[in-house]
Amino acid sequence: MPIDVDEVQRREAIAHATLAVAARDGARAVTIRAVAKELGGSTAMVTNYVPTRIDLITNAVRAAEARWRGDLEAHLGDLTGKDRLRATVEWHLSTEPDDLLLRALWVEMLSSAHTAPHVIDHQEPRESRQELLDAFASAGVPDAGLAADVLSLLTRGYYVSTLEEPSYWTPEKAGRVARAVVDALIDS
């Protein structure tokens, strides 16, 4: 008799195991076999839900993206106008303990785009850009679309830069740069 397994719970468990392997051994060590071992099961336990290594990584990144949405809303609270704009940008340029790990997995995921185009999530960057657009519009920035595009590129570049030079691109330094850019865009 087959065991009834909740797919959402299994995918979450696989995402947590993926992060545990990556945290302990690095992003390159994430394999179906390593994640199955972390879960204490067979590779079929993983491949029934995520058939390839890149799908495994994508599953972990998407699980994190879902948490990030809730974190952002909590961070913004009832802020409006320029305060909401600054808080939105600050949040996008923050670095929590798991963020560097997730960014490394994100880069792994993006590097597979040419062979696995289905792993690229076009919705998340659009949602992030829309958050910035809404924040710039509510702050009364005349060309909110251009401002959102500028900050979208800045934040995505920050994610990669924190992997290249994590000791240089501290959240404080990124915050200072972002504040200067936001102030320039507000005053333009």
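When reading the values below, keep in mind they use all heavy atoms of this one structure, side chains included, and skip hydrogens, waters and symmetry mates. Keep in mind that what you see is a predicted model, and the values were worked out from it rather than measured.
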Review point. Does the pair T88 and D134 meet the rule for a side-chain contact (heavy atoms from CB on, under 4.5 Å), with working shown?
Key: CA-CA 10 Å; T88 300; D134 293 345; over 6 Å; no
Least distance between heavy atoms, [X] atom then [Y] atom:
{"X": "E108", "Y": "I54", "value": "O-CD1, 3.6 Å"}
{"X": "L100", "Y": "L163", "value": "O-CD2, 3.5 Å"}
{"X": "A22", "Y": "L101", "value": "CB-CD1, 3.3 Å"}
{"X": "A15", "Y": "A60", "value": "CB-CA, 3.8 Å"}
{"X": "A34", "Y": "A29", "value": "CB-O, 3.7 Å"}
{"X": "L39", "Y": "M45", "value": "CB-SD, 4.1 Å"}

Would you call [X] and [Y] a salt bridge, taking side-chain N to carboxylate O under 4.0 Å as the test?
{"X": "R11", "Y": "E7", "result": "yes"}
{"X": "R69", "Y": "E124", "result": "yes"}
{"X": "R62", "Y": "D55", "result": "no"}

Exercise for review: May I ask you to decide if Y158's main-chain N or O and S161's side chain share a donor-acceptor pair within less than 3.5 Å?
Suggested key: no
Check your understanding: With distance as the sole test, does R84 use its side chain to make a donor-acceptor pair with the main-chain N or O of A139 at under 3.5 Å?
Key -> no
Could you pull out all donor-acceptor pairs under 3.5 Å where a side-chain atom in residues 70-82 meets a protein atom, sequence neighbours excluded?
from, atom 1, to, atom 2, distance (Å)
H75, NE2, A87, O, 3.3
H75, NE2, E90, OE2, 3.2

Any side-chain heavy atom of [X] within less than 4.5 Å of one from [Y]?
{"X": "K173", "Y": "L93", "result": "no"}
{"X": "L85", "Y": "I186", "result": "yes"}
{"X": "V160", "Y": "W106", "result": "yes"}
{"X": "V177", "Y": "L154", "result": "yes"}
{"X": "E65", "Y": "Q123", "result": "no"}
{"X": "L102", "Y": "W68", "result": "yes"}

Exercise for review: Count the heavy atoms belonging to other residues, nucleotides or ligands that lie under 6.0 Å from CZ of R28, then report whether that count exceeds 12.
Suggested key: no
Practice item. Go through the steps to decide whether L105 and L19 satisfy the test side-chain contact (heavy atoms from CB on, under 4.5 Å), and finish with yes or no. Key: CA-CA 9 Å; L105 291 172; L19 292 176; 3.6 Å; yes
Exercise for review: Quickly, which of I57, N59, L56 forms a side chain to side chain contact (heavy atoms under 4.5 Å, CB included) with M109? Name it, please.
Suggested key: I57
Review point. Between R86 and D183, is a side-chain contact (heavy atoms from CB on, under 4.5 Å) present by the stated rule, with each step listed?
Key: CA-CA 9 Å; R86 286 188 174 94; D183 290 345; 2.7 Å; yes
